[in-house]
4 protein chains.
Amino acid sequence: MPKVSEEHRMARRAQIVAAARTCVAEQGFHKTTMADVIAASDLSAGAVYGYFKSKEDIVAAIAEEALSSVDELFGSVLLTGEPVSPLLVLERILKHIVSMAERPDGDITKIALQAWAESLRNPAVKAIAEDKYRMLRGRFTEVARRAQADGTIPADADPEQVAQVLFGFIPGFILQRLLIGDVTPQSYTAGLRAILRD
Amino acid sequence: MPKVSEEHRMARRAQIVAAARTCVAEQGFHKTTMADVIAASDLSAGAVYGYFKSKEDIVAAIAEEALSSVDELFGSVLLTGEPVSPLLVLERILKHIVSMAERPDGDITKIALQAWAESLRNPAVKAIAEDKYRMLRGRFTEVARRAQADGTIPADADPEQVAQVLFGFIPGFILQRLLIGDVTPQSYTAGLRAILRD
Amino acid sequence: MPKVSEEHRMARRAQIVAAARTCVAEQGFHKTTMADVIAASDLSAGAVYGYFKSKEDIVAAIAEEALSSVDELFGSVLLTGEPVSPLLVLERILKHIVSMAERPDGDITKIALQAWAESLRNPAVKAIAEDKYRMLRGRFTEVARRAQADGTIPADADPEQVAQVLFGFIPGFILQRLLIGDVTPQSYTAGLRAILRD
Amino acid sequence: MPKVSEEHRMARRAQIVAAARTCVAEQGFHKTTMADVIAASDLSAGAVYGYFKSKEDIVAAIAEEALSSVDELFGSVLLTGEPVSPLLVLERILKHIVSMAERPDGDITKIALQAWAESLRNPAVKAIAEDKYRMLRGRFTEVARRAQADGTIPADADPEQVAQVLFGFIPGFILQRLLIGDVTPQSYTAGLRAILRD
DNA sequence: AATGAATGAGACTTCATTCAT
DNA sequence: TATGAATGAAGTCTCATTCAT
């Protein structure tokens, strides 16, 4: 097979990442073997290694994908410069997270949990996680500022510190959903409504 | 073959768990080898296998220890039946978490992250995590009820749902502390103060 | 499909052998991969396999080239039928060897070492080595005969046996030059002068 | 199996080296697989890796053994301080080499050839080879000095240079014996007698 | 004729666990 | 009881070669 198009290469790469994502969501990074990924991707060992030079690289690619995905949450939420209620932002995000988690090709929140653990000993994953989460938290800083503009949040609060807390709701939700299993965007939003200023 | 005392057995067991905890905090469950644990515990392979029948069992023991440890957080907080401010409870807990994380023999919050990931594919760890976290969240239900008693939280709120959110702050804090590294009990408490009803 | 000229084919073949020679001089036969050769030859995998049916064949071609090259040493030495001093022959040969070894496209003495080792388990290379070295040693038989003619060497000696020894100086020189690194044609010739009859 | 004696460990190690030597003499360093060595040593993979941390290490051990073995040649030759004839020394050495080569557990001269080639790209083997051969050549320097003492060799010759040449006979002999196959200590000694001063 | 992506057997190595002493 | 050498299945990755385009 002579030179293939760049799209072809991208498609193959995506095929491998998708296969790996499914495996990792089921078995975790470490119990997922390259043989699993190779079988799931319908490629040969050599082909897979033509796209990723090591398992480590595939892990990093999946982690990046999973950690980045949360960013798409904000796609439409912050478009205009108008004030947005933190409560509303969180509600939308939690719903989006659940819809992503229920996609058929691997629960992305499970991948995120794996990535958190992996980042403790894998500098590449750590760098990705830190980077992505700083960005994401930056969005919440913006939310905090707008909430201060309309008086929902006291004007003298530090928006960075507020963002820490707002951002912190997300792992709290994801974790309980996976480990305990009884939280829903509805229940969580109701709880939030009860404790947050409005 | 002199039968050793029960205390002796317990001490040996603790020695193994401590050794394993240190290893796991540094390298994660999967990169920690039995050889690592054996070396760190100053015992022989045979001896370690006399106390735990498999690596899986050691993992479960460490996970149990780490996930339980959060419970000691509440030690003195809920002793009396008086109302307690959620804000105050959280502040004390965050401080306690940091002090636990800084103990010399392995950051217990890192173990917790490992345990979260592990619980996705290890039913034993999953059962421990679910159990411990349900219990812990139960404490927050109590906090919610007392906060309703003194009017901090609306009387018509579901204390279970409020507990979900209050409990959810903890993983949010732990995760940011490990991945981004800039949150402190002080900054988080300040953020909380800005958004929570008081 | 325009048939390419024979010269074109020969040029391509030479290009491949040259690329492979460079690789092999640096990394040895076994650490040199086909990918290395393909990259160094600026051809495609398919093209290379159009000229050589296997790596084994390329190895044989390089070995042949390297083992034959010593023969050019004698180019001018034995032209006339006159007596030649063994000492002088050896001196010229050693100088020639060094000049070949210092050519930019791969030290041919390193290839020779590789070929010696390879011939122990590769019958094709063995056949080449045996053949070439028998021929080369034949030249020394002629040298021995002429040295007998002028009395440098006793008349009753067996010129074949003398040739064994004369020929044997060459690997001794090459090996010390590569492994120890302190022999030169000058030092070696001086040593020879001290021990050989004259 | 609890702690074993040091002799036991040495014996196991020797068992592995012997197995590897046999394999390498037959197939060369690179075609010899760890599976071959493991099978030939009658141990398990894990056991072999308990004694050598990599194939590279086994290669180095075999190379060291083979390159050192030549040193035993000199065992009795230089005991007294008396003059010794270079011719006689060489004759004894060649005989010894042949007897070593004919030992049943792997022709050590074949290993030496492998080691020569390997030393070109393996710094560990290179270091061993250089070291051993410098030492060995040092013995020939001593031979040269004694030969000068009794007048066999001109007094004004540099014994180091003479040693280069004397030492150089050995690879010449080994190589012809393996590649061409018709040299014997007798034939070589006869050739030497014809060309060396006496 | 030329390309180079794909193949897949097989290489090296690790490591949880056992069991003879 | 305790030891730690030994086991061997299983993991990651390489690379000579092919063949659809």
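Proteins get letters first, then strands, A, B, ... in listed order; numbering begins at 1 in each.
- A donor-acceptor pair is defined here as one N or O able to donate and one able to accept, closer than 3.5 Å; such a pair exists between the side chain of C:Gln15 and the backbone of C:Ser41.
- Contact detail for B:Asp36 and B:Lys31: the closest heavy-atom pair is OD2-O, 3.7 Å.
- A distance-only check finds a donor-acceptor pair linking the side chain of B:Arg21 to the backbone of B:Asp105 [under 3.5 Å].
- If you take CG of C:Asp42 and C1' of E:dA2, they are 15 Å apart, rounded to a whole angstrom.
- Counting only heavy atoms from C-beta on, B:Thr33 has its side chain closest to E:dA16 among F:dT12, F:dA16, E:dA16.
- Nearer the 5' end of DNA chain F, as judged by each residue's closest nucleotide, is the contact made by B:Ala47, out of B:Ala47 and A:Ala35.
- Remark: P of E:dC15 and CD1 of B:Ile58 are 15 Å apart, rounded to the nearest angstrom.
- The main-chain N or O of C:Ala127 is never found under 3.5 Å from a side-chain atom of C:Lys132 such that the two would form a donor-acceptor pair.
- One can place NE2 of D:His8 at 10 Å from P of F:dA5, the figure rounded to the nearest angstrom.
- Between E:dA6 and A:Tyr51, a contact under 4.0 Å exists linking OP1 or OP2 to a side-chain N or O.
- Side-chain N/O atoms of D:Arg12 include one lying less than 4.0 angstrom from OP1 or OP2 on F:dA6.
- With rounding to whole Å, D:Met34 atom CE is found 16 Å from F:dG8 atom P.
- Comparing E:dA16, E:dT7, F:dA16 by their closest approach to the side chain of C:Lys55 singles out F:dA16.
- Applying the Watson-Crick and G-U wobble criteria (two distances, each under 3.5 Å), E:dA2 pairs with F:dT21.
- As a whole-Å value, the separation of A:Phe29 CZ from F:dG11 P is 18 Å.
- The side chain of D:Tyr49 contributes no N or O atom lying less than 4.0 Å from OP1 or OP2 of E:dT14.
- Looking at residues 14-23 of chain C, you'll see that no heavy atom sits under 4.0 Å from any atom of DNA chain F.
- Checking C:Ser44 against D:Ser54, the closest nucleotide of DNA chain E that is more toward the 5' end is the one next to C:Ser44.
- In plain terms, the two heavy atoms of B:Ala25 and B:Ile111 that are nearest each other are N-CD1, 3.7 Å.
- Here E:dT7 presents its C1' atom at 11 Å from CD1 of A:Ile38, a figure rounded to the nearest Å.
- Nucleotides of DNA chain E nearest to D:Glu56 and B:Lys53 differ in position, and the one nearer the 5' end is that of D:Glu56.
- The C:Ala45 side chain lies nearest to F:dT18 when the options are F:dT18, E:dC12, F:dA16.
- When rounded to the nearest whole Å, the span between NE2 of B:His30 and C1' of E:dT14 equals 16 Å.
- Between B:His30 and A:His30, the two ring planes are parallel [angle under 30°; tilted spans 30° to 60°].
- If you check F:dT14 for Watson-Crick or wobble pairing at under 3.5 angstrom, you find it paired to E:dA9.
- Going from atom CG of A:Leu43 over to atom C1' of F:dC13 covers 16 Å, rounded to whole Å.
- Side-chain contact check for C:Ile58 versus C:Met34: some heavy-atom pair is nearer than 4.5 Å.
- Both distances falling under 3.5 Å, in either a Watson-Crick or a G-U wobble arrangement, place F:dT7 opposite E:dA16.
- Among the atoms of the strands shown, none is found under 4.0 Å from any heavy atom of A:Gly50.
- Annotation: salt bridge (Lys or Arg N to Asp or Glu O under 4.0 Å) contacts involving residues 108-127 of chain B, sequence neighbours excluded, comprise B:Glu118-B:Arg121, B:Lys126-B:Glu130.
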